[in-house]
Amino acid sequence: MGRARLAALRGVATSYEPSPGHRADVPEDTVVAVLAALGVDASTPQAVRAALGAHRHDAANRLLPATVVLRVAAAAPSARARDAASSTAPRHPPAPAAALPEGTVLYVETEQGESLPWDGSAFFRGNARGASALGTGAAAAGQLPLGTYVLRAHTPDGRSARAALIVTPDRMPAPRGRTFGFLVQLYSLLSARSWGMGDLGDLADLAAWSGRSLGAGFVQLNPLHAAVPGDGSAPTDPSPYRPSSRRFPDPVHLRVEDVPEYAHLTGPARERAAELLHRAAGLRDSVLNKGALIDRDAVWRLKREALELVRAVPLSPGRRAAYCDFLAEQGQALDDHATWCAFAEVHGPDWHTWPSGLRDPRSARTERARSALLDRVDFHCRLAWLTDGQLADAQRTARDAGMGIGMVHDLAVGVHPGGADAWAQQDAFAAGMSVGAPPDAFNSRGQDWGLPPWRPDTLAASGHAPYRDLLRGLLRHAGALRIDHVMGLFRLWWVPEGCEPTQGTYVRYDAEAMLGVLALEAHRAGAVVIGEDLGTVEPGVRDALAGRGVLGTSVLWFERDYDGLLADPEAVVPEGATEPDNPGDETRDATRDGAPADETTGDAAGGDAATGDAGDATTGDTATRDSAAGDAATFDAAPRDARNDAMRDTDTRAATGDARDAGDAGDAGDEATRDAAAGHPATGDPTTGDPDTVDAGDAAAEAAGNAGESTRAVHVRRARPLPPEAWRADCLATATTHDLPSTAARLTGEHVELRHRLGLLTRPLAQEQAEDAVEVGEWLRLLRRRGLLPEGVEDEEGAIKAVYRFLARTPARMVGVWLPDGVGDRRPQNLPGTWKEYPNWRLPIAGADGQPVTLEQLAASPRLHSLMAELAELIPAEPAPEAAPRSAPEPTPGAAVRSAARIRP
């Protein structure tokens with residue numbers, strides 16, 4: 001009991017629920033290891049008693065907690081916000097502090113260095129929690145403006161203490177009304193000027209065109225974080241979700257010709273630059289016309305040499321002053337990042353393998369080596385400055401084009417353990433630990449993503465400075481920020497090094513502080529915040545996020561009426577198929593049905609611990625791949641994608657099908673599905689009740705029967721597709737994401753066939769296809785009933801339009817169009833459960849025929865223009881704000897689109 005008590009005090013779980021109503025105990029060795037990573041010895045009963053005693057002593061004598069967070073409500077919160085704020089969201093504040101003694105004097109030091117008296121006694125009087133505060137209004141903050149402070153306390157008996165004080169707005173900024181925009185992986189967006197992959201020049205052009213010509217309000221990007229560079233033994237990890245640093249962008253995204261000094265190249269340097277441009281054109285042509293994959297390393301070799309040439313051009317006085325300002329503003333963080341980059345050129349990209357003296361960023365040997373490599377350090381500082389400038393240009397271009405939000409940047413859940421951030425901020429990360437996901441109903445082995453977690457105690461002691469600085473950097477040139485796996489602001493699954501993911505446990509974070517810091521930095525930047533909250537989510541978390549103004553993420557195929565779960569006589573699945581009302585299935589939200597659940601999903605680190613596909617997740621057959629160094633994650637697609645497999649693979653299986661085959665059965669409500677075994681579509685006219693129409697149950701049974709399966713159609717309780725008016729308003733609504741099938745692939749069933757070709761399915765192909773047909777048919781029937789599919793099911797373009805027409809009819813504040821959907825691209829950018837089997841993160845945007853499509857061709861595409869014109873009609877553009885976004889009233893659902901339509905084979 002003593003160790004359990006000690007663990008609870010440090011926010012370490014000793015048990016968890018892998019599925020509702022089922023408790024699993026955490027191994028004692030895991031609890032001991034995690035506590036050790038937090039600086040607490042719990043290895044023996046004596047050590048536990050000593051640690052508890054030390055905790056009691058510290059609590060009794062502590063005047064202030066490490067961090068104090070005060071909310072300031074600018075206006076009276078709405079009823080919904082009040083309800084969310086008082087929800088049962090899990091909280092684990094830091095250790096409590098005693099009420100301040102009578103006569104204690106409080107001072108605050110501002111960020112400008114000014115010292116001011118502060119009457120915060122009302123807050124501390126009787127506040128036994130002593131942690132993140134829930135007080136609202138100016139009175140609670142003692143009239144302090146929003147910001148970060150150092151709080152000092154002096155008692156009459158001579159004791160003193162200090163703490164970080166963060167005064168934060170109660171809510172994040174909100175979008176102005178409703179808006180729509182594109183979701184795009186920047187590397188995949190090639191233009192006639194790209195050097196083999198999309199760049200920041202392409203991004204600015206996309207923003208200018210889509211804002212001015214289409215009325216788009218934002219462009220959401222993949223993370224542009226600095227990647228771990230390749231070396232002689234391995235290429236650069238192409239996944240954007242396992243970066244070296246989240247604090248600085250990757251210069252591979254630079255448009256070299258747009259660097260001002262490039263125009264001043266002369267003589268041999270100019271000739272060499274022209275040669276590099278010619279070689280870059282060859283890379284571009286190989287991707288666009290010869291079927292080559294995007295080769296990040298080849299692109300970077302050309303750009304790096306060109307940028308070395310550009311660096312030799314002296315900066316003008318004004319440019320030199322701007323560069324010096326950037327260096328001063330970024331300070332130690334940039335110096336550390338550039339030093340790691342310089343050391344990596346000499347010693348390799350994993351600091352654990354460097355000479356021992358260089359593994360400490362503050363050692364004397366590191367300082368001497370830095371001085372010896374000062375020229376290379378300055379080069380990498382210069383690259384960071386140039387990239388920052390082009391990011392600023394892209395956001396400025398977006399706003400000038402009328403976009404109300406502009407760039408939506410993406411924050412990955414963690415960093416590579418051998419990268420720059422993990423080296424420079426070693427005290428902030430838990431040594432010997434990796435973030436992952438626990439075992440659950442779909443993945444009995446759990447997941448290990450190979451990403452070191454933040455230490456919550458170190459964050460608190462620093463006033464959450466590493467987290468605050470990270471957010472501030474990402475929001476410099478953003479109109480919104482997407483938080484990957486936003487549930488991680490509340491708790492993360494820690495896996496001790498050398499252990500299986502099943503031997504991990506949850507560690508709590510101070511969610512009030514994490515959300516408070518996020519709200520403060522978002523307020524300063526005037527930026528909207530979007531949380532990726534897909535999958536099973538701990539009860540109360542979504543309410544807590546909504547109460548603070550964090551928009552959720554809603555993917556059409558996963559939005560179902562889980563509250564209803566009434567038997568639907570028209571909903572059938574083949575016997576033996578996964579039933580959607582199983583615990584955790586279909587991204588079941590524990591906050592909606594009241595059942596406790598664990599986070600098993602979300603987008604995370606890119607590249608390693610890959611779990612399998614739908615069948616893999618169901619059977620627990622994961623495809624975890626370790627790197628040569630023994631990390632739980634390897635290059636390419638594995639962990640980032642894998643983390644979502646437990647949810648995503650089930651969901652994609654449940655939502656795929658063939659738009660040509662799985663249609664509506666007219667007014668009778670029968671779903672026309674295909675004979676999956678033979679690959680033939682169902683026949684008949686579903687709008688007229690033609691007897692040739694095939695019932696979904698008959699089709700599923702026939703498909704399985706033709707495949708040699710003894711299967712019959714059975715009626716089960718199924719959560720029905722959620723009608724548009726029932727969707728939450730505070731969300732980004734979309735049809736897919738970067739590691740889900742494109743809408744065309746989902747509607748045609750090609751997603752399942754792709755997995756079959758790669759050997760990822762664990763059930764017969766016909767059985768998977770039959771179930772997919774039923775699931776997608778339910779959505780197609782809803783689209784038909786709502787009058788959103790007048791073109792008919794044979795028109796694939798019309799079916800994709802129908803999906804986005806549906807999204808436009810929801811009250812979602814933001815509607816995101818997956819840019820490849822606009823031209824019928826069938827290939828996923830990332831296929832969970834694969835590594836070398838599939839070219840994750842290396843595909844250009846392509847049309848329905850698989851031929852790559854350039855930005856210029858996108859801008860001229862009648863298909864894309866037609867789709868976006870309908871969205872512009874349904875979601876009128878809001879004017880770009882002159883200042884920070886302000887809260888907007890709840891929008892009303894869009895008007896009905898067109899007349900009733902039919903689905904025919």
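Index from 1, following the sequence.
The two residues D350 and G418 have their closest heavy-atom pair at OD1-CA, 3.4 Å. Across every non-hydrogen atom of D730 and R813, the tightest pair is OD1-NE, 2.8 Å. The heavy-atom pair separating A7 from L35 by the smallest distance is CA-CD2, 4.2 Å. Residue G463 comes nearest to A164 through the heavy atom pair CA-CB, 3.4 Å, listed as atom of the first residue, atom of the second, then distance. Taking all atoms of both residues into account, the shortest heavy-atom contact from L520 to G147 is CD1-N, 3.7 Å. Annotation for W841 and P238: closest pair CB-O, 3.5 Å, computed over non-hydrogen atoms.
Every side-chain contact (heavy atoms from CB on, under 4.5 Å) that A392 has, sequence neighbours left out, goes to R396, H477. For D41, the side chain to side chain donor-acceptor pair (under 3.5 Å) test picks out S43, with sequence neighbours left out. With sequence neighbours excluded, no residue satisfies ring-ring contact (aromatic ring centres under 6.0 Å, His included) with H409. Every side chain to side chain donor-acceptor pair (under 3.5 Å) that S245 has, sequence neighbours left out, goes to D421. With sequence neighbours left out, R476 forms a salt bridge (charged side-chain N to carboxylate O under 4.0 Å, His left out) with E329, D388. By the salt bridge (charged side-chain N to carboxylate O under 4.0 Å, His left out) test, R468 is found to be paired with no residue, residues two or more places apart in sequence or in another chain being considered. Residues satisfying the side-chain contact (heavy atoms from CB on, under 4.5 Å) test with A13, not counting sequence neighbours, are T505, Y506. For D469, there are no salt bridge (charged side-chain N to carboxylate O under 4.0 Å, His left out) partners two or more places apart in sequence or in a different chain. Under the rule for a side chain to side chain donor-acceptor pair (under 3.5 Å), the partners of D336 that lie at least two apart in sequence or sit in another chain are Q332, R362. Under the side-chain contact (heavy atoms from CB on, under 4.5 Å) criterion, P249 pairs with T387, L391, sequence neighbours left out. Remark: S363 engages T366 in a side chain to side chain donor-acceptor pair (under 3.5 Å) (not counting sequence neighbours). Applying the ring-ring contact (aromatic ring centres under 6.0 Å, His included) test to F248 and every residue at least two apart in sequence or in another chain returns H337.
Between the side chain of T734 and the main chain of G816, a donor-acceptor pair closer than 3.5 Å is present. With hydrogens and angles ignored, the 3.5 Å screen pairs a side-chain donor or acceptor of W351 with a backbone N or O of P417. With T339 contributing its side chain and D335 its backbone, the two residues share a donor-acceptor pair below 3.5 Å. At least one donor-acceptor pair under 3.5 Å links the side chain of R542 to the backbone N or O of D533. A donor-acceptor contact shorter than 3.5 Å is absent between the side chain of E538 and the backbone of F490. No donor-acceptor pair closer than 3.5 Å links the side chain of R247 to the backbone N or O of G473. Side-chain atoms of Q425 never come within 3.5 Å of backbone atoms of W454 as a donor-acceptor pair (strictly under, hydrogens ignored). No donor-acceptor pair closer than 3.5 Å links the side chain of R482 to the backbone N or O of V408. With hydrogens and angles disregarded, no donor-acceptor distance shorter than 3.5 Å links the side chain of H485 to the backbone of M487. For the pair H253 (side chain) and D250 (backbone), a donor-acceptor distance under 3.5 Å is present.
Within 6.0 Å of CD in E497 there are 12 or fewer heavy atoms belonging to other residues, nucleotides or ligands. The environment of CZ in F326 is crowded: more than 12 heavy-atom neighbours from other residues, nucleotides or ligands sit within 6.0 Å.
A heavy-atom distance below 4.5 Å is found between the side chains of V184 and V219. V507 places a side-chain heavy atom less than 4.5 Å from the side chain of V34. Two residues are said to be in side-chain contact when any heavy atoms from C-beta on lie closer than 4.5 Å; L518 and I483 meet this criterion. Looking at I530 and L481, their side chains never come closer than 4.5 Å, going by heavy atoms from C-beta outward. Within the 4.5 Å cutoff, no side-chain heavy atoms of T30 are placed close to those of W494. Taking 4.5 Å as the limit, some side-chain heavy atom of L64 sits within range of a side-chain heavy atom of L100. Counting heavy atoms from C-beta on, the side chains of L358 and F343 come closer than 4.5 Å. Using a 4.5 Å cut-off on side-chain heavy atoms (C-beta onward), E521 and L474 make no contact.
Y241 and D410 are linked by a side-chain donor-acceptor pair at a separation below 3.5 angstrom, with hydrogens and angles left out of the test. With 3.5 Å as the limit, one finds no donor-acceptor pair spanning the side chains of R152 and S160. Between the side chains of R246 and H225, no donor N or O sits under 3.5 Å from an acceptor N or O. Between the side chains of T168 and R71, no donor-acceptor pair of N or O atoms lies under 3.5 Å.
Ion pairing between a basic and an acidic side chain is recognised when a charged N comes within 4.0 Å of a carboxylate O; E111 and R524 show such pairing.
For the atom pair CG of L475 and CG of L470, the computed distance is 9.0 Å after rounding to the nearest 0.5 Å. To the nearest 0.5 Å, the span separating CG on L471 from CG on L411 amounts to 6.5 Å. Atoms OG and CG, from S554 and L534 in turn, are 8.0 Å apart once rounded to the nearest 0.5 Å. Interatomic distance, CE of M407 versus CG of L200, reported as 9.0 Å (0.5 Å rounding).
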Evaluation steps, side-chain contact (heavy atoms from CB on, under 4.5 Å), between L451 and V415 | CA-CA 6 Å; L451 308 172; V415 296; 5.9 Å; no

For V529 and V486, run side-chain contact (heavy atoms from CB on, under 4.5 Å): C-alpha distance rounded to whole Å, both residues' side-chain angles, the deciding distance at 0.1 Å, then the answer.
-> CA-CA 10 Å; V529 177; V486 72; over 6 Å; no

Begin from the C-alpha positions of T67 and L459 and carry the test side-chain contact (heavy atoms from CB on, under 4.5 Å) through to its verdict.
-> CA-CA 9 Å; T67 299; L459 287 178; over 6 Å; no

Checking side-chain contact (heavy atoms from CB on, under 4.5 Å) for the pair H416/R242: CA distance, chi angles, key distance, verdict?
-> CA-CA 5 Å; H416 192 289; R242 197 168 184 248; 3.1 Å; yes

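Screening L70, I166, V167 for a side-chain contact (heavy atoms from CB on, under 4.5 Å) with L146, the sole residue that qualifies is V167. Only one option out of Y509, W493, F429 pairs with P453 in a side-chain contact (heavy atoms from CB on, under 4.5 Å); it is Y509. The side-chain contact (heavy atoms from CB on, under 4.5 Å) test with H464 singles out one residue from V69, T458, V517, and that residue is V517.
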